[in-house]
Amino acid sequence: MDLKIRKHAETYIIDVNGEMDLYNSYKLKELVMKMLEKKVEQFIINMENVDYIDSSGIGALIYICSTIKKMNLKLIISNIHGSVKKVIELTKLMGYFPIAGTVEEAIQKIATV
Amino acid sequence: MTDFFLYAINNPFWAKALAAVVLLVYIHKIGIRPDIPVLGEFRWMAVVLLVTDGALFLLPNFWVFPVVQNLGVLFFYHQILSHYEPKTKVSGWFWVLGVPAALLGIAAPLLNWPWFVTFLGPAALLTLWILFARRLYAISEFNSEGAGVIMASRRNLVQALIGLQTAALVLGPWGGYLNPIVQMVVFPLAALMHTWTLSFWERFAEAERDRQLRTLEKNLGSLFEFMIAIGNAISEKLEMDKVLDFVVQSAVKATNADGGAVFLVDEFEDVLRVKAVEGDFPPPYQVPAKVKLKISNLANFFQSTPIPLNKTIIGECAMTRKGIYIRDTRDDERMAQNAQLDQIYISSIILTPLMQGNKVFGVLAVVSRRGNYQFTVDHYSQIRTFADYTSLTINSLFTYLQLLEKQEMEREVGIAAEIQGQLLPSKLPRVSSISLAAFSQPAKGVSGDYYDVINIRKGQILLAVCDVAGKGIPASLVMVMIRTIIHLVAHQPGMSVNRILDIVNWGIAGKVSLDRFATMAMLTYDFASHRLEYSNAAHHPLLIYRAATASFEALDTEGIPIGLEKKTKYNRIDTVLQPDDIVLLYTDGIIEAMNDRGEQYSLESLETVMRTHCALPPERLKKAIIEDMNRFVGKAKQHDDQTFLLMKVDG
């Protein structure tokens, strides 16, 4: 898994590339925690290039999501598709995560919320 | 004036004495050096000239002195030539040209200066000189390192000298006479001048070599110190900050700089931040007018202002991945402000990128604030060596940390596997009216799956399958907690499956980290009433094979995974089973089992194999499913745990 960060206005977009599994999901978690320490307030996690996720990956997303919710900051997960979407649907978490179809949608959504 | 000139070239005493004095002064200046072999001979030649001329001045008509003088000079000339010529060649040309010329010089006064004496003598010497020069200025013992200098200078020098001699030769007959002895001295003197030039150059080259050697030794010394220091920094504690502090300190010390700093590239923004500063390091870029007024403001500003990657020379260094060396800031417009303002004055600066792999993670910089102290190219190469070594060290540091992490993870997985071995039921309970089979296979040593079969009371059994997110000890502990709660509450009167899930969730949520959630499916079956009750916490739906209709049915209830929210309430769905009905609880590892082509085993395949083998008892049905799945997967490595529980109602 490979993480890239870009910035759109005040929003930080994290592009996740590759599989999110037991052996690397902690990286995303650590990254977001570091960003929170540095007072980043708006996040988009772009899952466009993630084709596989296991329960640890879902766990990492849940952790990130709940932490950001607790701090009253903004997070949107975008481009969930394929087996990732299936897993999230199966675990009945579609409602739990704030989701947008594309990064652009996510940017709009974050601006209006 | 013309008279003086004529006197100068016509009077042998005057010219000889002058040549001899100049020769002595030169030799005195150079000093006798073993690496320039002919100096001693030149000195003796000058002494012979001065002594015999002095004697001749006092006793003008004593013929012995010119003879001694001529033969003496001839002797030393021979000595000098033999240094440069192989003996055989020297003797040939020397005897043919040099000796007759000297004899003519001796004979001239006696013959009353006939024209051929004044012409032939110098002509013979000139020929000898040309031969001599050809040999002398060929590649000689002087030009091991200075070949370039000799090559460049000798042609001009030889041309000038030959021209001079030819002019003297032409002027000789015109002026009446030119003493061959003058020629004999002037020629070697000219050669000596070149020798002197070469020796001077050699001395210069030697000094340069010494200087380089000293710098190299010093560099090596400081690099060695630096390696030890950085080694200590690592062994004391694996701290990046400490390593960087050492790097800056060493860089400042080694270059005798006034200040040094390390800037690190921010992890998620394209900026550089000041990480470690040593000594006095003013911002090497344009600063706002307000800040410039106070030194303390300046330091604060510098420490707290991130530097964009595309701005300032620090950003430039990180962007281009190339070092920057500005010897004199006055010559570089990027440093215009630093060269002018006292508060941020920098006279010389070196910046070099710090790399991890092929990624720049920082910049190392040193500055001089003394107008009379500028960094040299040596300093620059030294700083680059430091940066290279630092990059190397940090690279291995990262690799080492990763290795440690991996080892830690593997160790943990090992322990967790042990815990888990004791969690799963060692054998399934034997009961009348149903038969059971269970399969569980971890993907990488330890499973995140957990299943259980419990006799909760007479005539009633509980089946559960659970998938905990993650692996390792934390996941195993969550499993232990879940198992403990189930075993404690399942026997309680009035308990139902959804209530058990409620309690498990209530017990787990908030107690464990959120990313340790679990999905879980649970059912109870009553042998007497054939009633099955099912509740699901975001797991796969329950699969039922109805023997009567040979069809499949999926049972599911709403509910998010266990461990997320304390107040979650789970639902229940009931059904009645008929003889030969089969129920299957499974984890994603089964239907998502992947083959080499990336295809998944799928629910359909699972259903097909179950339908085909529906008549078999569960233990053999289990084998059929495993075989079918293995056939599909082939040799592809699975990255998810596979677990399923089969229950069949006896006919």
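The sequence lines fix the lettering, A, B, ..., with proteins before strands; numbering per chain opens at 1.
- By the neighbour-count criterion of 12 heavy atoms within 6.0 Å, atom CD of B:E418 is sparsely surrounded, having that number or fewer from other residues, nucleotides or ligands.
- When the shell of 6.0 Å around CD of A:E10 is examined, it contains 12 or fewer heavy atoms from other residues, nucleotides or ligands.
- Here the side chains of A:S55 and B:V468 are not in contact, with every heavy-atom distance at 4.5 Å or above.
- In B:K311, the NZ atom is not crowded: 12 or fewer heavy atoms of neighbouring residues, nucleotides or ligands sit closer than 6.0 Å.
- Heavy-atom proximity under 4.5 angstrom to chain B picks out A:K38, A:V40, A:Y52 from residues 36-54 of chain A.
- In summary, B:D556 and A:K92 engage in a salt bridge, as defined by a charged side-chain N under 4.0 Å from a carboxylate O.
- More than 12 heavy-atom neighbours from other residues, nucleotides or ligands sit within 6.0 angstrom of NZ on A:K7.
- Closest approach of A:T91 and B:A538 over heavy atoms only: O-CB, 3.2 Å.
- Proximity to chain B (any heavy atom under 4.5 Å) is shown, for A:K4, by neither the backbone nor the side chain.
- Within a 6.0 Å sphere centred on NZ of A:K29, heavy atoms belonging to other residues, nucleotides or ligands number more than 12.
- Interface remark: B:H539 contributes backbone atoms only to the contact with chain A (heavy atom separation under 4.5 Å).
- Taking the side chain as every heavy atom from C-beta outward, B:L564 and A:I62 approach each other to under 4.5 Å.
- To the nearest 0.5 angstrom, B:N536 atom CG is 8.0 Å from A:L90 atom CG.
- There is no contact between A:E89 and chain B, counting heavy-atom distances below 4.5 Å.
- The CZ atom of B:F517 lies 8.0 Å from the OG atom of A:S56; values are rounded to the nearest 0.5 Å.
- Two residues are said to be in side-chain contact when any heavy atoms from C-beta on lie closer than 4.5 Å; A:Y96 and B:E565 meet this criterion.
- More than 12 heavy-atom neighbours from other residues, nucleotides or ligands sit within 6.0 angstrom of NZ on A:K69.
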